[in-house]
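Encoded as structure tokens, the structure appears first; notes follow it.
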Protein chains: 2
Amino acid sequence: MTKFDEATQAIRVDETTYDVCLDPGYSIGGPLNGGYLMAVLLRAVVDASPHDHPVTTSAQFLRAPRPGPARVRLEQIKAGRTAAMTRATLIQDDTSFIETLVTTATLGDVAPDWTDRPSADMPPVERCVVLPAPKPESNMTLNAQMEMAFDPPTIGWLDGNPTGRPEARAYFRMAEPQDPDPYVLALAVDALPPVVFSAGARGWAPTVDLTWHLRALPAPGWLTLLGSGRMISDGWFDEEVEVWDSAGRLVAQSRQLARVGRG
Amino acid sequence: MTKFDEATQAIRVDETTYDVCLDPGYSIGGPLNGGYLMAVLLRAVVDASPHDHPVTTSAQFLRAPRPGPARVRLEQIKAGRTAAMTRATLIQDDTSFIETLVTTATLGDVAPDWTDRPSADMPPVERCVVLPAPKPESNMTLNAQMEMAFDPPTIGWLDGNPTGRPEARAYFRMAEPQDPDPYVLALAVDALPPVVFSAGARGWAPTVDLTWHLRALPAPGWLTLLGSGRMISDGWFDEEVEVWDSAGRLVAQSRQLARVGRG
């Protein structure tokens, strides 16, 4: 069992309740990463489902939970032959922190009938930029859990050279060797810096809704994360992330609507 | 009040319950259109919210309700200063038919800080294709509620000439003159034929999850719907729809995950 598997464990209490322990190792300057929190919720959902994979997850983020014990409350909405739908809520101190609707199904290992190409080209990983470890006082503990190698222009904002458009692209894998699986993908779709940073915005950009679809089971190796946005307006922005695996298959698609930070 | 306003009316019973009447005029061969059903749900959500607009809606479709009386049950999840979150469920015969999570907020009339261009070019409306009215026995009553003018290649599948990739593009407006509003947009994001039809698939393509974001309040006039998909695999496909208004602004973005039909 990897550290990530441990940090996302969900222990069955009864049919509708799972105990979890939110790990302080997934902090982004204080709040815990939304992708990590989705992975925790999805462990409970899949454990209670007759199906194997979280095919579609819609999460609305209400509040930022703190590290430590929490619960996942499940409500089975529909149990179908092909797919089951579950409402899963992350609860701490009797308060809801994240509301999700999840459809589980079992994906096969089949070739796509039709697939588009990746939405952007990536330079080879050895020409990408690995960032230095953040200072401990920044409380960016998430960074130690994963390795990312950025497409250089999309991380230019760090040196005061934003590209001027919302985008972020990187290769991604877990720091502790682990083949990607649907829970790693839940982390991956929310692992890039907010795409608005490369359009010049800064500061904490809280996600309001993040919906992602698991399209295929990922092959071992690096994942490629292609992040972009279509519009920044009235304090809101969208962020799309495509995840491609090392075999060149689209394995996940996400879109979030988030608030532009005031930092 | 237009026919559409009437068909989407939600009458407050109490804080958490609204009565609605599902109109048989929004049928697509039997089942009611998912966008129409979202519009009905959103009327109730916005009426009960301190905010004016449904900014993000995630809907999971469990079953197809029949025309006639139904209820919307609301659960207020969070009421914030900027945004409120609500769970809304469409109920008929004590059974849930659609589960949604909705964030409401109030959008201003401001220019975007940054916007991308439309994802595809459209020919002028006079070079687009208007389809003949469907035969009454097809029970496609939805078609009478709206006017659509299709980008010719994307409707070629009707004559046996699919483009070979998932896409659908059209101009859209209500048949009864009505300026577009967020409820019309809820209908619009699910109004195109399934994008898989132009990739050669046929038959009823049930939506599992549809998430859409209201990005701006639409100007009067035609809407432009740009639909596409990234992958068709293992019986699942994604469909993205961008909606642009007559002033050239991105007003809505949707993505649905749906099952490929067996027709």
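Order of the sequence lines fixes the chain letters, A, B, ..., with proteins taken first and strands second; residue numbering starts at 1 for each chain. No hydrogens, no waters, no symmetry mates; every other heavy atom, side chains included, goes into these values.
Separation of atoms CG (B/Asp209) and CH2 (A/Trp212) is listed at 12.5 Å; rounding is to 0.5 Å. B/Glu99 CD to A/Ile77 CD1: the interatomic distance, rounded to the nearest 0.5 Å, is 4.0 Å. Rounding to the nearest 0.5 Å gives a distance of 12.0 Å between CG of A/Asp113 and CZ of B/Phe237. The distance from atom CG of B/Leu101 to atom CD1 of A/Ile98, rounded to the nearest 0.5 Å, is 12.0 Å.
Within the 4.5 angstrom heavy-atom criterion, only backbone atoms of B/Ser254 (N, CA, C, O) approach chain A. Heavy-atom distances place the side chain of B/Ala105, and not its backbone, under 4.5 Å from chain A. Only the backbone of B/Phe61 comes within contact range of chain A, with heavy atoms under 4.5 Å apart. With a 4.5 Å cut-off on non-hydrogen atoms, B/Val196 does not touch chain A at all. Of the atoms belonging to B/Asp238, heavy atoms from both backbone and side chain fall under 4.5 Å from chain A. The parts of B/Ser119 that come within reach of chain A are both its backbone and its side chain, each placing non-hydrogen atoms under 4.5 angstrom from that chain. Using a 4.5 Å cut-off between heavy atoms, B/Pro206 makes no contact with chain A at all.
Under the 4.0 Å criterion applied to side-chain N and carboxylate O atoms, B/Glu240 and A/Arg230 are not assigned as salt-bridge partners. With respect to the salt-bridge test (charged N to carboxylate O, under 4.0 angstrom), the residues A/Arg165 and B/Asp116 qualify.
Scanning all heavy atoms of the two residues, the minimum distance from A/Pro112 to B/Ser233 falls at CA-OG, 3.6 Å.
By the neighbour-count criterion of 12 heavy atoms within 6.0 Å, atom CZ of B/Arg73 is sparsely surrounded, having that number or fewer from other residues, nucleotides or ligands.
Ranked by heavy-atom pairs under 4.5 Å with chain A, the list B/Leu250, B/Val260, B/Leu62, B/Thr100 is led by B/Leu62. Counting heavy-atom pairs under 4.5 Å between each of B/Met231, B/Gln253, B/Met85, B/Lys78 and chain A puts B/Met231 at the top. Per-residue counts of heavy-atom pairs under 4.5 Å with chain A were compared for B/Ser96, B/Ala199, B/Pro166; the largest is that of B/Pro166. Per-residue heavy-atom pair counts under 4.5 Å with chain B were compared for A/Arg63, A/Arg117, A/Arg215, and the maximum is reached by A/Arg215. Annotation: maximal heavy-atom pairing with chain B below 4.5 Å, among A/Thr115, A/Asp234, A/Val110, occurs at A/Asp234.
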> Passes side chain to side chain contact (heavy atoms under 4.5 Å, CB included), B/Val55 versus A/Leu257? Steps please.
Replying inline: CA-CA 9 Å; B/Val55 168; A/Leu257 193 73; 3.4 Å; yes
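Heavy-atom proximity under 4.5 angstrom to chain A picks out nothing from residues 45-54 of chain B.
Side-chain atoms of B/Gln60 and A/Ser58 include no donor-acceptor pair closer than 3.5 Å.
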